[in-house]
Amino acid sequence: MIGHFILRLSIWLLLTANVSVTNIIIGVIIALLLPRGKSSPEKLKSWLKVIIKIFVAIPVAFMEAFEIIFRPHKQEEIIMEKVKLNRSPLLVFFDIFLITFTPKTIVLKYHEEGWYEVHYIKPRKKQA
């Protein structure tokens with residue numbers, strides 16, 4: 001609770017760029033009046049995993065882009081990926097964003113039954 005209060009007060013002070021006594025009092029009042037969001041440890045763990053995946057996806061996207069430039073990919077396939085259970089709509093959005101962020105994949109459709117329809121390009125198989 002105290003962490004949320006400090007975070008909200010800090011954001012208020014950064015937004016207003018004013019550290020006068022009056023502004024601090026207004027910030028304290030606003031920080032106390034704002035409703036608190038309820039989150040469970042599983043959700044926080046899921047968010048941490050998504051944030052780590054985002055940082056990993058950035059260099060992977062660059063590597064895939066260079067790979068497509070220097071070795072064009074000719075084969076395509078559509079695969080179905082399972083959605084993790086109990087995902088909030090925002091986490092589903094981030095899952096779709098991560099899949100689509102890399103140049104070789106794009107989500108075509110999200111099925112409510114718990115599947116992503118993903119278009120994937122891959123290098124051409126060498127013929128013997």
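It should be emphasised that the depicted structure is a prediction, and the values quoted were computed from it without experimental measurement. Each residue takes its place number in the sequence, starting with 1.
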So Val50 and Leu91, do their side chains get closer than 4.5 Å, heavy atoms only? yes
Would you find a donor on one side and an acceptor on the other, under 3.5 Å apart, between the side chain of Arg71 and the backbone of Pro123?
no
Closest heavy-atom pair, Phe101 versus Ala57, reported as atoms and distance to 0.1 Å, is CE2-O, 3.7 Å
Check: Is it the case that one hydrophobic cluster holds both Val28 and Ile26, taking links as side-chain heavy atoms less than 4.5 Å apart, direct or via other members?
Finding: yes
query: Do Phe97 and Val107 come close enough that some side-chain heavy atom pair is under 4.5 Å?
result: no
When you measure from the side chain of Trp12 to the backbone of Asn23, do you find a donor-acceptor pair of N or O atoms at a distance under 3.5 Å? yes
The residue among Leu7, Leu9, Leu14 that forms side-chain contact (heavy atoms from CB on, under 4.5 Å) with Ile11 is Leu7
- request: Side-chain contact test, heavy atoms from C-beta onward, threshold under 4.5 Å: evaluate it for Ile121 versus Ile68 and give yes or no.
  value: yes
Separation between CG (Leu98) and OG1 (Thr105), nearest 0.5 Å, reads 9.5 Å
What one should report as the nearest heavy-atom pair of Ile24 and Val19 is CD1-O, 3.6 Å
*Decide whether Leu13 and Leu34 are clustered together by the hydrophobic rule: side chain heavy atoms of Ile, Leu, Val, Met, Phe, Trp, Tyr closer than 4.5 Å, transitively.*
yes
Output for pair (Ile54 CD1, Lys49 NZ), nearest 0.5 Å, gives 14.5 Å
Are Arg8 and Ile30 side-chain neighbours, meaning at least one heavy-atom pair lies under 4.5 Å?
-> no
CD1 of Ile25 to OG1 of Thr22, rounded to nearest 0.5 Å, is 6.0 Å
*Aromatic ring centroids of Trp115 and Tyr110 under 6.0 Å?*
no
- prompt: Would you call Ile51 and Phe94 a side-chain contact if the rule is heavy atoms closer than 4.5 Å?
  reply: no
The residue among His119, Glu67, Glu64 that forms side chain to side chain donor-acceptor pair (under 3.5 Å) with Lys104 is Glu67
Quiz prompt | Donor-acceptor under 3.5 Å (Thr102 side chain, Ile99 main chain) | solution = yes
Chi angles and distances behind the side chain to side chain contact (heavy atoms under 4.5 Å, CB included) call for Lys122, Glu76:
CA-CA 6 Å; Lys122 57 185 182 176; Glu76 304 176 14; over 6 Å; no
The reported gap from CG in Asp95 to CD in Glu81 (rounded to nearest 0.5 angstrom) is 9.0 Å
Between Asn18 and Ser20, is any side-chain donor less than 3.5 angstrom from a side-chain acceptor? yes
Is there a side-chain contact between Ile106 and Tyr120 (heavy atoms, below 4.5 Å)? no
